[in-house]
Amino acid sequence: MMNTLNTEKSAEKPFRKTGNPVELTSESPLHPRRKSHRIMVGSVPVGGGAPISVQSMTNTLTANVPATLQQIAELTAAGCDIVRVAVPSQDDADALPEICRKSPVPIIADIHFQSKYVFQAIDAGCAAVRVNPGNIRKFNEVGPSICKAATDAGISLRIGVNAGSLDKELYAKYGGSTPEALVASALKEAHMFEDVGFHDFKISVKHHDVITMVETYRLLASKGDWPLHLGVTEAGPAWQGTIKSCLAFGALLAEGIGDTIRVSLSAPPVEEVKVGCKLLEYMGLRPRKFDIISCPSCGRAQVDVIQLASAVTEGLKDVTAPIRVAVMGCIVNGPGEAREADLGVASGNGKGQIFIKGKVIETVPEDQIVDTLLTKAQEIAAQMEADGLVPANATGPVVVPIQHPNR
């Protein structure tokens with residue numbers, strides 16, 4: 001039976017017993033959030049207007065418990081809300097109890113092929129399990145047992161569809177991994193769960209192509225009120241994957257679609273989290289944290305803007321206070337932009353005017369701009385820390401290394 005969209009019923013659904021029953025909600029400044037029902041991933045609410053959570057996945061061997069916990073700690077420090085770990089072997093499954101017990105954030109076990117690991121993950125205390133009915137052996141037989149075990153443990157599940165696991169019949173029927181094929185597969189899997197009375201699951205319908213991914217999520221969002229996990233699968237290296245993810249997520253989030261996200265990059269997992277957190281900040285879906293704005297390189301610039309912005313970004317990479325620093329290279333936009341920031345510099349004629357909250361506090365030679373900005377930024381950040389103005393899980397800026405051809 002289809003889980004049809006019903007605003008009143010969605011609002012009445014209680015929190016899962018695994019979570020903190022605090023009515024957390026988050027609205028987009030661009031578009032009302034899509035109405036979805038709420039599930040819990042450990043203490044993190046997903047759907048029902050809850051703040052959009054950021055996920056990532058460890059790339060360590062899960063069986064290496066110290067290495068996995070270390071990476072989970074790094075992801076948490078970067079702002080990650082939920083961490084997924086791969087469970088392809090018995091050794092990985094055996095490591096789950098300790099990982100779940102010591103992790104500072106909810107753990108999702110990523111299970112493919114062997115259903116026995118699903119039950120072990122539930123017994124181990126995982127906050128949720130990602131299952132792929134398309135490649136779980138004899139899922140029609142074990143699915144009801146999985147749902148009962150999840151219900152008894154008070155945890156949620158995620159079902160995921162992508163081109164790689166799309167049912168062959170659906171692939172042939174729709175002529176490929178089209179939005180219609182992916183959604184048909186997702187509906188089939190959702191109904192497997194709902195037919196046995198299980199509703200505490202979210203759905204992902206990932207694709208590597210931005211347009212296909214956006215169209216697929218739009219179509220699925222129109223079919224029911226399931227919480228949706230957004231992702232562009234196999235997005236590519238850091239720069240390419242960041243662009244793809246920002247385009248796809250930006251389009252959907254601007255329409256109110258999406259309840260939790262994972263930026264998938266061929267890069268260290270922490271970079272996924274940095275991009276995801278900043279994306280939500282810039283979309284107005286998370287409180288603003290530390291941000292650097294800088295003008296593009298152009299013929300008006302009277303200083304080396306690229307080098308200046310890179311040096312300031314690198315020097316402030318560990319600052320987590322919610323300050324905005326402007327690094328401007330000419331007198332056309334510089335003074336105005338610098339005045340809008342908490343701290344900024346408008347550069348020209350071999351010197352820089354340093355602004356704090358719109359007021360010039362000093363003028364320094366070009367070779368002192370970086371040191372002056374770093375000092376003032378640290379002072380402002382320290383005062384914010386002292387005043388209790390630094391958000392929990394605050395993160396530093398997204399640092400994009402500048403590649404110099406002569407180095």
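- Salt bridge status for E215 with R218: absent, with no side-chain N to carboxylate O gap under 4.0 Å.
- Using a 4.0 Å cut-off between a side-chain N of Lys or Arg and a carboxylate O of Asp or Glu, D110 and R262 do not qualify as a salt bridge.
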Working note: D225 + K35, criterion salt bridge (Lys or Arg N to Asp or Glu O under 4.0 Å); need CA distance, chi angles, decisive distance, verdict. CA-CA 6 Å; D225 71 341; K35 302 297 183 182; over 6 Å; no
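- Side-chain atoms of E281 come within 3.5 Å of backbone N or O of K289 as a donor-acceptor pair.
- Under the 3.5 Å distance criterion, with hydrogens and angles disregarded, no donor-acceptor pair is assigned to the side chains of T233 and S264.
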Could you walk me through whether D291 and V325 satisfy the side-chain contact (heavy atoms from CB on, under 4.5 Å) test, starting with their C-alpha distance in whole Å, then the side-chain angles of each, then the deciding distance to 0.1 Å, before giving a yes or no? CA-CA 6 Å; D291 190 24; V325 179; over 6 Å; no
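- When side chains are defined from C-beta on, F355 does not count as touching L343, because their heavy atoms never get closer than 4.5 Å.
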- Go through E98 and K102 one step at a time and tell me if the salt bridge (Lys or Arg N to Asp or Glu O under 4.0 Å) criterion holds. CA-CA 6 Å; E98 183 176 359; K102 295 182 178 179; 2.8 Å; yes
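- Under the 3.5 Å distance criterion, with hydrogens and angles disregarded, a donor-acceptor pair is assigned to the side chains of R158 and S204.
- With a 4.5 Å cut-off on side-chain heavy atoms, K206 and M213 do not count as touching.
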Side-chain donor-acceptor contacts of residues 370-378 below 3.5 Å, not counting sequence neighbours, with atom names and distances?
residue : atom : partner : partner atom : Å
T372    : OG1  : Q368    : O            : 2.7
T375    : OG1  : D371    : O            : 2.9

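- Relative ring orientation between H191 and W226 is described as tilted, the plane-to-plane angle lying within the 30° to 60° band.
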* **side chain to side chain donor-acceptor pair (under 3.5 Å) evaluation trace for T62 with T68** => CA-CA 6 Å; T62 303; T68 300; 5.0 Å; no
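- A donor-acceptor contact closer than 3.5 angstrom links the side chains of N59 and Q71.
- Of the inter-residue distances, the one linking L187 atom CG with K223 atom NZ reads 7.0 Å to the nearest 0.5 angstrom.
- Within 6.0 Å of CG in L30 there are more than 12 heavy atoms belonging to other residues, nucleotides or ligands.
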Evaluate D92 against Y117 for side chain to side chain donor-acceptor pair (under 3.5 Å), listing each step before the verdict.
CA-CA 9 Å; D92 299 315; Y117 297 148; over 6 Å; no
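- Side-chain contact between L252 and V214 is present, with heavy atoms from C-beta onward closer than 4.5 Å.
- Side-chain contact between F198 and M192: absent, with no pair of heavy atoms (C-beta onward) separated by less than 4.5 Å.
- For the residue pair H207 / S177, a side-chain donor-acceptor distance below 3.5 Å is found, with atom types taken as modelled.
- No hydrogens or angles considered: nothing links the side chains of Q383 and E379 as a donor-acceptor pair under 3.5 Å.
- Between the CZ atom in F119 and the CD1 atom in I122 there is a gap of 6.5 Å [rounded to 0.5 Å].
- Atom CG in L279 sits 5.0 Å away from atom CD1 in I261 (nearest 0.5 Å).
- Salt-bridge annotation for D259 and K202: absent, with no side-chain N of the basic residue lying under 4.0 Å from a carboxylate O of the acidic one.
- Atom CD of E74 is separated from atom CG of L69 by 11.0 Å, given to the nearest 0.5 angstrom.
- We find the CD-CD1 distance between E189 and I159 to be 5.0 Å, quoted to the nearest 0.5 Å.
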